[in-house]
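Notes for the one structure printed next.
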There are 2 protein chains.
Amino acid sequence: MSRASDRAYSAIRNMILSGELPAGAQLGEEALAEMCGVSRTPVREALRRLEADMLVGRTDTQRTFVADWSIDDVADAFELRAMLEARAARRAAERMTDAALARIRVANRALSTAIQQPMPDVAGFLEGNREFHAIILEVAGSRRLAALLGTLIEQPVVLRTARHYSREELRRSHAEHEELTAAFARRDGAWAEAIMTSHILRAYHAYADAHRARLDAGTQQEAAE
Amino acid sequence: MSRASDRAYSAIRNMILSGELPAGAQLGEEALAEMCGVSRTPVREALRRLEADMLVGRTDTQRTFVADWSIDDVADAFELRAMLEARAARRAAERMTDAALARIRVANRALSTAIQQPMPDVAGFLEGNREFHAIILEVAGSRRLAALLGTLIEQPVVLRTARHYSREELRRSHAEHEELTAAFARRDGAWAEAIMTSHILRAYHAYADAHRARLDAGTQQEAAE
DNA sequence: CCGATGGCATTTGTATACAATATCCATGTC
DNA sequence: GACATGGATATTGTATACAAATGCCATCGG
């Protein structure tokens, strides 16, 4: 992370995820370079990586812009993520070790602690959640699967969704993690696969519902103006 | 393709796929730049892309080398490809149009012609095959699915395998394409998914068998020396 | 008033120089 | 003789200058 290109990557990425750079915004290399305090060379590398992540797009004439995520794109991404994470869960169940199982339980405990605070610790929840899924991916032992999922796990949408989870949703998510752990403990690949599919798709519908609610609110507000 | 970085990408890629640059070979940026007749800047871009394709790897100190594909890596890649192409086939069947169906039939006819020559036209077969799978991916209508499959379809292994297909294997492959077309004509997603899974996994086992045979031949030769 | 055209401004692409870092080999010490 | 150390050498990382292309806008002709 000390390399200039890594700093540029993180900086631009954060600006996109935080919404500081809104969807559709043109990304001039020179302007980004100045923002990041580096030259254009590392910025160009960072943009290529962000393009691979599909966080930025390119016009037919090589102008880069912040990618716009339609609701269909989000559905598409969640569908693929469900398929790939489910596959990872199955492989992980088939290859599970006692040591990894212990680490998964630790992550789940941290997650449980986070959501039982008087004011739910969302950052703690996200970190425990990330760790949980990371261990599964590690145990699954497929470098390619990990690479493919890498471009799907930390999308703008996913991050923003979790922040709006209700306590009930957080609790439900944790319950699913517990059930997945049970499937891992029994080395039951089919079970793990099924729960993981459900786990991701439920997260998708939580997002879609929230999105629809947001749209309705926007429409009402427009009507009032 | 006229850009220097594109030329560098193609050139290096071809050298890897042809075996001119053997697995494990160090890829000095300066040396590659000279080979491609460009400067280091576009070579660096090309290497980043090839790294995303997993055709080149990187040491912990950022030295690049031609990726070494163990038999397990190949199995891993085929397994993922089977899953993703099967998903694409299902989506394509559900969204199939008459126009696309006609194009698929044209591709299949070309493929059929290629394998019925006295001396099978392998290049023609590969082109028809590529077109067939490309149309399916297009009809599937998922940019992400296309992006993920992009890194899996034209791997060194896949290309080298097809060149050693027997006429019987070519004929079988074509028969599977015909069956897939039938599934598409009936808009039967489950059927299409199943055939595609089988289609890719059969190709995998054809490769694995050939690989084993090659290993055995090598061992025998060693024993004879 | 609308659209085409030309040229200026902006942006991206490439080459190259230089800085930082890693590798390798020779030398010296135990 | 094995291993650590240091510096020469090679390689990668970054900045910058310049070339090529793209986009924008004003001007001109209809």
Side-chain angles (χ1 to χ4, degrees), chain A residues 1-16 19-68 143 147 150-151, chain B residues 1-16 19-68 143 147 150-151:
Chain A
M1 276 294 285
S2 66
R3 296 226 186 313
S5 62
D6 291 331
R7 273 183 291 135
Y9 175 78
S10 298
I12 299 169
R13 179 193 169 88
N14 286 339
M15 287 191 281
I16 292 174
E20 189 176 339
L21 290 171
Q26 291 284 334
L27 297 172
E29 295 175 356
E30 192 114 32
L32 291 174
E34 195 157 343
M35 286 187 217
C36 302
V38 300
S39 78
R40 274 179 55 217
T41 309
V43 166
R44 285 171 63 79
E45 264 199 41
L47 286 175
R48 286 332 231 272
R49 287 167 62 186
L50 290 164
E51 198 183 342
D53 294 346
M54 297 188 82
L55 284 177
V56 312
R58 241 169 226 279
T59 68
D60 53 350
T61 59
Q62 301 297 98
R63 252 102 177 142
T64 57
F65 56 90
V66 178
D68 190 15
R143 276 175 33 247
T151 70
Chain B
M1 273 294 284
S2 65
R3 297 224 188 311
S5 62
D6 291 331
R7 273 184 289 135
Y9 175 77
S10 297
I12 299 169
R13 178 193 170 87
N14 287 339
M15 287 191 280
I16 292 174
E20 188 176 339
L21 290 170
Q26 291 284 334
L27 297 172
E29 294 174 356
E30 192 115 33
L32 291 173
E34 196 157 343
M35 286 188 217
C36 302
V38 300
S39 78
R40 274 179 54 214
T41 308
V43 166
R44 287 171 63 80
E45 264 199 41
L47 286 176
R48 286 330 231 273
R49 286 167 62 186
L50 291 164
E51 198 184 343
D53 296 343
M54 296 188 84
L55 284 177
V56 313
R58 244 170 222 279
T59 67
D60 53 349
T61 59
Q62 301 297 99
R63 254 108 176 135
T64 56
F65 56 91
V66 178
D68 189 15
R143 278 176 32 246
T151 70

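So you know, we letter chains A, B, ... as the sequences are listed, proteins then strands, and number each from 1. We use all heavy atoms of the structure for the numbers below, so side chains are in, but hydrogens, waters and symmetry mates are not. Fair warning: this is a prediction, and the values are worked out from it, not measured in the lab.
- Here the C1' atom of nucleotide C/dT14 and the CG atom of B/L47 are 16 Å apart, to the nearest Å.
- Residues passing the side chain to side chain donor-acceptor pair (under 3.5 Å) test with A/R49 are A/D6, sequence neighbours excluded.
- Applying the side chain to side chain contact (heavy atoms under 4.5 Å, CB included) rule to A/T41 yields the partners A/S39; only residues at least two apart in sequence or on another chain are considered.
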N/O contacts under 3.5 Å, protein versus nucleotides 9-12 of chain C?
unit_1: C/dT11; atom_1: O4'; unit_2: A/R63; atom_2: NH2; d: 3.1
unit_1: C/dT12; atom_1: OP2; unit_2: A/E29; atom_2: N; d: 3.0

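- Taking the side chain as every heavy atom from C-beta outward, B/T151 and B/M54 never approach each other to under 4.5 Å.
- A sub-4.0 Å separation between OP1 or OP2 of C/dA15 and a side-chain N or O of B/S39 is present.
- For the side chain to side chain contact (heavy atoms under 4.5 Å, CB included) test, residues two or more places apart in sequence or in another chain that qualify with B/A25 are B/P22, B/V66.
- Here C/dG13 presents its C1' atom at 8 Å from CD of B/E45, a figure rounded to the nearest Å.
- Of the residues near DNA chain D, A/V38 and A/T59, the one whose nearest nucleotide (by heavy atom distance) lies more toward the 5' end is A/V38.
- For B/R143, the side chain to side chain donor-acceptor pair (under 3.5 Å) partners two or more places apart in sequence, or in a different chain, are A/D73.
- With sequence neighbours excluded, no residue satisfies side chain to side chain donor-acceptor pair (under 3.5 Å) with A/E34.
- Atom-to-atom, OH of A/Y9 to C1' of D/dG13 comes out at 19 Å; the value is rounded to the nearest Å.
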